[in-house]
Amino acid sequence: PRYPWRGLMVDPARHFIPVKDLEKFVNLMAYYKFNKLHLHLTDNQGWRLPVPGYPKLKSVASRRAESFGDGIPHEGMYTKQELKGLVEYCAKRGIEVIPEIDMPGHNQALHAAYPEFFCFPKPDINVRTTAGNSRELVCPQKPEVWEFYAAVFKELKDIFPSGTVHLGGDEAPTELWGKCPLCREARTKAGMKDEQEQMRAFFAKTTALLAKNGQKPQFWYEGNAGIYHPGETVYAWRQNQACQSIEKARKAKLDLIMASNEYCYLDFPQIQGQHNWGWMKTTTLQKCYELDPAFGKPENEAGHIRGVHAPIWAERLPDLDHLLYRAYPRACAIAEAGWSPMNARSWENFRRKLADHRQFILKRFNYDMERTRENEPAFPWKNKK
Ligand code: ACM
Ligand code: ZN
């Protein structure tokens with residue numbers, strides 16, 4: 001392959017995906033020679049990893065009252081055994097599972113269960129029922145936060161032998177760190193000039209905690225290479241920032257995985273005119289296929305790129321059929337971007353091959369693509385079940 005890292009990300013935090021469905025998803029991943037399955041296990045809308053000593057993760061954070069006003073409760077929590085089984089299932093198919101625990105933001109579900117972890121605890125906050133983000137970040141100055149993450153990382157170590165842990169780090173507005181008395185005092189004491197320095201210290205501490213277990217972090221790249229530490233791996237994801245991210249990561253001695261959303265976010269609409277929830281860019285199959293993870297840069301400028309990765313965010317994907325409908329055939333284009341050098345690729349050739357693959361995928365899943373497309377959740381959201 002052109003790149004050693006060829007991944008897909010699924011989002012059971014937004015809509016729980018039972019392990020049986022993940023196994024079906026993995027079968028097709030293996031067929032297309034993806035080798036990393038990234039599980040986005042936590043977010044504002046749900047927490048899916050059980051951690052010993054923290055029962056409210058299940059009783060509170062893994063449940064929400066409804067989704068987008070549909071009035072239907074949603075819940076789901078993996079068991080340790082299930083996740084271990086998934087890791088084994090994937091390993092037999094050449095796939096490593098990468099767990100993500102998003103921090104310090106994207107944590108409204110955690111906030112609902114353990115408000116005391118946050119700078120300004122809101123005891124009445126609920127697990128989020130709509131898309132979008134919350135402003136609250138965990139407070140790095142509270143010892144119970146570090147006890148919690150130590151327990152989380154220990155559990156991950158037991159389940160995921162590879163030791164790579166995605167720590168998120170995306171979309172974490174620091175305004176409440178700016179106002180928090182504990183955070184302010186800590187910044188003054190340490191001589192930190194701003195909250196970005198506090199973010200760097202936060203990730204230095206989480207990374208040290210991981211290192212005790214032989215684990216290593218990854219992050220969504222937020223454009224400020226100064227937050228991360230040389231040798232770490234970041235994902236370029238923000239729209240139209242891929243080229244500058246490649247350059248900034250190289251200068252900061254970071255490894256980079258390409259997940260630029262205008263090519264790689266497979267939850268975005270795939271057909272012109274298809275519903276975009278008011279904001280998503282149409283990401284056609286051809287657009288996905290046009291991705292060169294190195295953006296034409298020569299080896300001496302792109303040697304730190306480890307591969308390509310396609311997230312499939314699931315705010316609007318209630319089940320496996322909808323997940324597959326969004327993922328394929330575009331994942332085939334991403335697989336080829338990970339596998340083949342540019343001089344071996346051609347859109348015409350890819351299109352010709354795809355006719356057969358379409359039949360293969362539909363048969364393999366025994367699912368009705370037309371029906372799934374027609375039943376895509378409407379906006380405003382109406383769950384048809
Ligand atoms: C992201 O889309 N927030 C990584
Ligand atoms: Zn604080």
Side-chain angles (χ1 to χ4, degrees), residues 7-11 13-14 38-45 98 100-108 110-111 114-122 128 131-146 148-149 166-190 192 194-199 201-202 205 217-224 227-228 233-242 245 256-268 277 279-281 283 308-317 326:
L8 294 180
M9 188 213 82
V10 293
D11 177 14
R14 268 53 173 268
H38 169 181
L39 295 180
H40 184 73
L41 287 168
T42 69
D43 215 300
N44 298 302
Q45 295 83 356
I98 312 296
E100 179 184 353
I101 304 295
D102 206 340
M103 63 182 76
H106 277 270
N107 263 319
Q108 191 168 327
L110 181 64
H111 196 155
Y114 295 99
E116 62 271 28
F117 294 171
F118 292 76
C119 291
F120 298 97
K122 288 189 189 163
R128 196 174 182 92
N133 202 0
S134 64
R135 294 158 62 237
E136 285 82 11
L137 309 187
V138 293
C139 181
Q141 297 321 119
K142 298 195 169 176
E144 54 268 48
V145 166
W146 296 103
F148 173 65
Y149 283 130
H166 196 309
L167 296 181
D170 56 320
E171 299 177 308
T174 53
E175 66 200 83
L176 295 179
W177 278 6
K179 293 179 181 152
C180 169
L182 292 175
C183 287
R184 290 171 71 134
E185 188 192 339
R187 284 195 301 274
T188 306
K189 250 192 185 161
M192 294 176 188
D194 60 17
E195 293 80 17
Q196 287 307 306
E197 281 195 17
Q198 196 183 356
M199 190 67 80
F202 175 80
K205 197 161 168 176
Q218 298 185 328
F219 305 95
W220 298 113
Y221 182 60
E222 282 294 25
N224 177 3
I227 292 176
Y228 315 102
T233 296
V234 296
Y235 293 70
W237 66 278
R238 284 191 180 268
Q239 200 163 297
N240 300 329
Q241 293 185 15
S245 299
L256 186 110
I257 294 167
M258 184 49 64
S260 194
N261 74 21
E262 68 273 31
Y263 297 93
C264 298
Y265 274 27
L266 302 187
D267 53 306
F268 285 11
W277 314 110
W279 66 274
M280 290 172 180
K281 272 185 99 85
T283 306
V308 62
H309 202 77
I312 311 156
W313 302 100
E315 283 93 336
R316 317 277 182 173
L317 303 182
R326 289 287 169 156

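Start at 1 and go down the list; that is how both ligands and their atoms are numbered. Computed from a prediction, not measured in an experiment: that's the story for all the values here.
- Residue H106 has no nitrogen or oxygen atom sitting less than 3.5 Å from a nitrogen or oxygen atom of ligand 1, judged on distance alone.
- Using cut-offs of 30° and 60° on the angle between ring planes, the pair H309 and H38 is tilted.
- One N or O on the side chain of E262 and one on the backbone of N240 form a donor-acceptor pair closer than 3.5 Å.
- At a threshold of 4.0 Å, the pair D267-R316 does not count as salt-bridged, since none of the basic side-chain nitrogens sits closer than that to a carboxylate oxygen.
- Regarding atom 3 (N) of ligand 1, its nearest protein heavy-atom neighbour is D170 OD2, 2.6 Å.
- Ring pair Y114/F148 is tilted by interplanar angle, where 30° to 60° counts as tilted.
- Looking only at protein heavy atoms, the nearest one to atom 2 (O) of ligand 1 is Y265 OH, 2.6 Å.
- Note: no N/O pair closer than 3.5 Å links W237 and ligand 1 by distance alone.
- For the pair SG of C180 and SG of C139, the angle whose vertex sits at the Zn ion (ligand 2) is 120° to 10 degrees.
- The atoms of ligand 1 that sit less than 4.0 Å from any heavy atom of E171 are 3 (N).
- Of the residues Q198, Q196, Q141, the one that meets the side-chain contact (heavy atoms from CB on, under 4.5 Å) test with W177 is Q198.
- When each atom of ligand 1 is checked for a heavy atom of W313 under 4.0 Å away, the hits are 1 (C), 2 (O), 4 (C).
- With hydrogens and angles disregarded, no donor-acceptor distance shorter than 3.5 Å links the side chain of N107 to the backbone of L110.
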